[in-house]
Engineer: 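Right, I'll just put the structure down here and ask away after.
Chain letters run A, B, ... following the sequence lines, proteins first and then strands; every chain starts at 1.
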Amino acid sequence: MYENMNDMQMQAVCRTEGPVLILAGAGSGKTRVLTNRAAYLIEEKGVNPYHIMAITFTNKAAGEMRERIDEIVGFGSESIWVSTFHSACVRILRRHINRIGYDTNFTIYDTDDQKQLMKDICKRLEIDTKLYKERFFLNEISHAKDELISTSAYREHTEGNFVRQKVAQVYTEYQQMLYKNNALDFDDLIMKTVELFQNDREVLEYYQDRLRYLMVDEYQDTNTAQFELIRLLASKYENLCVVGDDDQSIYKFRGANIGNILNFEHYFPNASVIKLEQNYRSTQNILDAANGVIANNHGRKEKALWTQNDAGDKVLFSQFDSGFDEAEFVAADIQKKVRSGFRYQDCAVLYRTNAQSRLFEESFILANIPYKMVGGVNFYARKEIKDLLCYLKTIDNARDDLAVRRVINIPKRGIGAATLAKVQAYANEHEISFYQALRGAAQIPSIGRAAAKIEPFVTFIQTMRSKAGIIPVSELLQEIIDMTGYVQELEAEGTDEARSRIENIEELQGKVLTYEQNETEPTLSGFLEEVALVADIDSLDEDQNRVLLMTLHSAKGLEFPQVYLAGMEDGLFPSYMSITSDNALEEIEEERRLAYVGMTRAMKNLTITCARQRVVRGQMQYNRVSRFVQEIPKQVLSQTKQKVYGSQERQGTAFQQEPVQSAKNLALQQAREMFHGKTAAQQGAGQLYKNPVLDFSTGEPSSNDIHSWKAVPAQYDTKQEAAPAEIQTAAADAQDGDALARKKLGYGVGDLVRHQKFGDGMVVKIVSGGRDFEVTVQFHQAGVKKMFAAFAKLKKIQE
DNA sequence: CCTACTACGCTTTTT
DNA sequence: GCGTAGTAGG
């Protein structure tokens with residue numbers, strides 16, 4: 001198992017005692033080092049797996065490490081504690097938080113909950129939220145917690161500063177409210193664990209003795225609180241191994257302290273430092289490009305990343321006239337790559353902000369490219385999901401007022417603001433929770449007939465609570481859905497939006513079932529906890545053949561043969577915020593690290609694109625090529641100017657402004673026009689075309705670049721007529737496909753179906769192609785389209 | 001108390 | 001440009 005490791009990797013594996021800092025460059029095989037190190041500890045050093053802990057940032061990373069350790073460690077690997085910071089802390093707190101005065105049955109508040117709570121507080125403290133936004137206070141509090149500054153410590157440093165005094169007051173109130181609601185926010189999970197360790201020697205010693213060998217991944221992203229947590233745990237045996245790359249530190253905005261890695265040797269004077277500088281992932285050209293960019297940052301740990309891989313293709317850079325052109329090029333290029341033997345899953349499109357994803361989605365739908373978007377609106381933040389979760393939370397934790405207040409009038413029970421105010425007043429007066437006040441609603445003065453409306457709700461919750469320990473979570477959820485008539489109501493609504501909400505609810509039910517299957521002892525609290533701590537990236541299935549769309553942040557730790565780095569424009573990346581910031585120098589360095597992370601995700605090909613103009617928040621913006629692109633050494637860069645058919649008309653429409661049309665429809669319509677234009681011009685499919693590039697303002701060919709090259713995607717290839725024999729087999733296939741499809745897809749040839757973008761149409765042909773079906777549909781408006789069923793999500797509307 | 005409309009804020013990134 | 005929260009009118 002150690003055979004394929006280089007000297008440095010071997011050193012990192014074998015240096016098991018004392019503090020170790022492994023500076024692991026991008027793609028230098030650090031996960032392999034960590035997993036092999038765990039195996040080495042057990043098999044060569046005879047360490048009991050029970051004494052080993054590996055901490056990561058995402059559940060996905062934890063899951064992968066767990067899997068790989070299981071593969072190489074024969075016996076006992078399951079007792080290694082592999083976990084994220086947050087879930088490790090939850091586990092510790094669930095056991096011991098009562099020692100610092102909290103209930104072990106606490107709820108975890110997400111950002112939505114935090115904002116809601118903050119809103120209440122600002123109202124109560126009569127703070128003008130136009131002057132100081134809820135968000136501002138939450139950011140301040142979060143930063144304080146990242147730095148382990150308690151409410152009392154914060155209060156001590158406010159002299160003469162009005163704003164800080166206000167924040168101190170809000171912070172104090174906020175913590176009290178959390179306590180009252182028996183809730184912790186994300187930052188509390190870390191901070192309270194540290195507090196627990198600081199205040200309770202016994203508990204700390206228990207964990208110190210248990211976790212004798214600590215390994216921390218992505219160490220550059222730890223904040224002060226996380227550092228303190230690790231330091232406390234490691235302070236007895238000092239067997240602490242941290243792995244990180246200061247060049248990939250991209251989470252300063254949420255408190256990551258780059259000093260943790262830069263000053264590691266200062267905190268642990270006897271630390272060994274091992275550098276992993278051989279890259280196994282990328283081509284030499286990609287590496288040169290990335291190195292050229294990151295070299296512009298100051299105060300880095302000296303590193304020289306190298307590779308034995310081939311030089312490979314040059315990094316491709318293209319500037320387009322608009323975001324539409326950019327997205328369309330990427331779609332066409334992916335199709336080209338797929339035809340040349342790559343799979344969709346080999347490709348990833350990375351961008352700075354989630355808002356950029358839409359253009360790609362639309363281009364991909366039109367080009368029939370299967371894709372998956374990671375991130376964006378958090379699934380668990382959707383209204384319908386939150387509603388149902390808050391029912392579960394209410395059942396789980398009687399003290400979570402926020403959850404109760406959210407669902408008390410869902411569905412409409414005729415309980416309004418006036419009644420809620422009376423209940424709240426009663427609760428405050430008697431120092432009981434909101435829910436307890438509801439239980440005694442009859443005693444609340446002047447509540448009148450409202451008491452009768454509250455009663456059924458309380459009875460329902462009580463019944464569910466008594467069932468909670470007995471029936472599985474999935475049944476609990478089903479009963480909530482049935483009793484509240486939530487789905488029924490949505491069905492009655494009958495809109496597309498309602499249907500998608502129902503789909504989300506079904507997905508939630510699916511997630512509950514998955515949880516129950518994976519867990520040995522599934523509980524309601526356990527499920528709610530898991531839900532609170534997942535990120536979208538965690539549930540990513542890499543085996544599915546589809547292009548991934550995600551932000552650069554989400555892409556950290558991943559790798560792809562084909563990477564598209566889109567929107568490389570000054571103002572977008574580096575972001576406008578960073579350029580105009582007070583400490584722009586520092587912030588632009590963080591953006592540069594982000595660019596470095598993005599570029600080093602690429603294994604074989606890196607394509608960088610940008611647009612001259614793009615619509616941002618409904619406004620046209622004109623951006624220059626990103627400074628990061630200029631920093632790429634010229635000899636590894638292949639620069640082409642791109643222009644696509646039809647962009648002139650598009651520019652026209654973009655400026656003429658059609659007030660009736662939403663931008664989304666406009667974009668789609670324009671994309672459609674392009675699509676049809678293409679199909680008409682099929683003859684030259686797959687060849688390179690020479691087009692004049694027209695000057696934007698005059699419409700004349702521009703003087704500086706007369707010609708540009710453009711590949712017409714072969715997706716629009718005219719298929720040759722099939723020979724008679726082939727027609728027969730095709731017909732047989734079609735029949736087989738149809739019979740199978742009717743079972744598996746729920747529709748068959750001749751059925752009317754609906755497509756998300758193309759509208760309604762009739763199924764003309766279905767061909768079974770291994771795992772998936774290729775469905776041909778004659779759309780009423782959009783013409784004949786071939787698509788894969790799993791991706792197209794066609795819905796039958798009529799026989 | 002409920003519904004429909006308007007206004008606003010957001011968007012840099014997220015465990 | 002979108003989605004949500006707040007408000008006014010029924």
Side-chain angles (χ1 to χ4, degrees), chain A residues 55-62 83-90 108-112 114-116 119 123 129-130 133-135 139 142 145-146 185-190 218 221-223 225-226 249-256 350-358 374-378 380-383 386 409 411-420 449-450 453 497 530-538 550-556 567 571-581 587-588 590-591 593-595 597-598 615-619 621 659 661-667:
Chain A
I55 307 177
T56 63
F57 268 85
T58 64
N59 295 296
K60 183 166 184 288
S83 158
T84 65
F85 269 104
H86 289 85
S87 27
C89 288
V90 169
I108 301 163
Y109 274 3
D110 63 21
T111 40
D112 248 36
Q114 288 178 287
K115 201 168 174 193
Q116 198 63 48
K119 211 173 245 174
K123 201 173 265 176
T129 49
K130 284 202 173 102
K133 296 191 189 101
E134 290 96 345
R135 181 82 172 271
N139 280 339
S142 175
K145 288 179 177 178
D146 286 343
D185 66 19
F186 278 125
D187 304 312
D188 278 339
L189 295 178
I190 314 287
E218 305 283 9
D221 289 327
T222 51
N223 61 32
Q226 287 158 338
S249 167
I250 54 173
Y251 282 108
K252 185 161 173 282
F253 72 93
R254 68 172 196 217
L350 310 181
Y351 37 75
R352 180 67 180 84
T353 68
N354 275 311
Q356 289 164 258
S357 65
R358 218 191 70 207
V374 178
V377 184
N378 184 352
Y380 293 102
R382 288 165 209 265
K383 188 178 172 296
K386 278 229 89 171
N409 207 25
K412 304 263 180 313
R413 297 186 174 89
I415 303 165
T419 312
L420 292 188
R449 281 177 302 171
K453 293 174 183 168
E497 193 201 322
E530 190 169 289
V531 159
L533 297 177
V534 292
D536 200 26
I537 189 94
D538 293 337
M550 67 183 109
T551 62
L552 290 150
H553 283 87
S554 295
K556 197 182 68 170
L572 195 62
F573 189 25
S575 75
Y576 180 76
M577 298 286 278
S578 66
I579 298 172
T580 55
S581 151
E587 297 216 358
I588 289 172
E590 171 120 340
E591 298 273 312
R593 289 192 290 270
L594 197 50
V597 167
V615 182
V616 179
R617 281 200 254 158
Q619 288 208 313
Q621 274 191 6
Q661 261 176 330
S662 71
K664 191 167 185 171
N665 288 336
L666 196 66

Engineer: Would you mind classifying the nucleic acid contact of A/N409 as base, sugar-phosphate or nothing, using non-hydrogen atoms under 4.0 angstrom?
Structural biologist: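 Counting heavy atoms under 4.0 Å across all strands, the contact made by A/N409 is with sugar-phosphate only.
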Engineer: Which part of the nucleic acid, if any, lies within contact of A/K133, taking any heavy atom under 4.0 Å across all strands shown: a base, the sugar-phosphate backbone alone, or nothing?
Structural biologist: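 Sugar-phosphate contact only.
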Engineer: Classify the nucleic acid contact of A/K119 as base, sugar-phosphate or nothing, counting any heavy atom under 4.0 Å across all strands shown.
Structural biologist: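 It contacts sugar-phosphate atoms only.
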Engineer: Using a 4.0 Å heavy-atom cut-off across all strands, classify A/F57 as base, sugar-phosphate, or nothing.
Structural biologist: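 Sugar-phosphate, backbone atoms only, no base.
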Engineer: If you measure from the ring centre of A/Y251 to the centre of the six-membered ring in the base of B/dT14, is it under 5.5 Å, with the planes under 30° apart?
Structural biologist: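 According to the criterion (under 5.5 Å, under 30°), no, A/Y251 does not stack.
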Engineer: Just checking A/Y576: does its OH atom have more than 12 heavy atoms from other residues, nucleotides or ligands closer to it than 6.0 angstrom?
Structural biologist: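 It does not: A/Y576 OH has 12 such atoms or fewer within range.
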Engineer: For A/M577 and for A/N59, find the nucleotide of DNA chain B with the closest heavy atom, then tell me which residue's nucleotide is more 5'.
Structural biologist: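 It is A/M577, whose closest nucleotide lies nearer the 5' terminus.
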Engineer: Side chain of A/K453: nearest nucleotide among B/dC1, B/dT15, B/dT13?
Structural biologist: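 The closest nucleotide is B/dC1.
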Engineer: Less than 4.0 Å between a side-chain N and a carboxylate O, is that true for A/R254 and A/D146?
Structural biologist: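 The answer is no: the pair does not qualify as a salt bridge.
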Engineer: With the side chain of A/N354 defined as its heavy atoms from C-beta on, choose the nearest nucleotide among B/dT13, B/dC2, B/dT11.
Structural biologist: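 So the nucleotide nearest the side chain must be B/dT13.
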Engineer: For DNA chain B, whose closest nucleotide is more 5', that of A/K115 or that of A/R254?
Structural biologist: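 It is A/K115, whose closest nucleotide lies nearer the 5' terminus.
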Engineer: Could you work out which one of B/dC2, B/dT15, B/dC1 sits closest to the side chain of A/T111?
Structural biologist: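 For the A/T111 side chain, the nearest candidate turns out to be B/dT15.
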Engineer: Between A/Q226 and A/I55, does a side chain to side chain contact (heavy atoms under 4.5 Å, CB included) hold up when you go through it step by step?
Structural biologist: CA-CA 11 Å; A/Q226 287 158 338; A/I55 307 177; over 6 Å; no
Engineer: The side chain of A/F253 is closest to which nucleotide in this list: B/dC1, B/dT13, B/dT15?
Structural biologist: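 Nucleotide nearest to A/F253's side chain: B/dT13.
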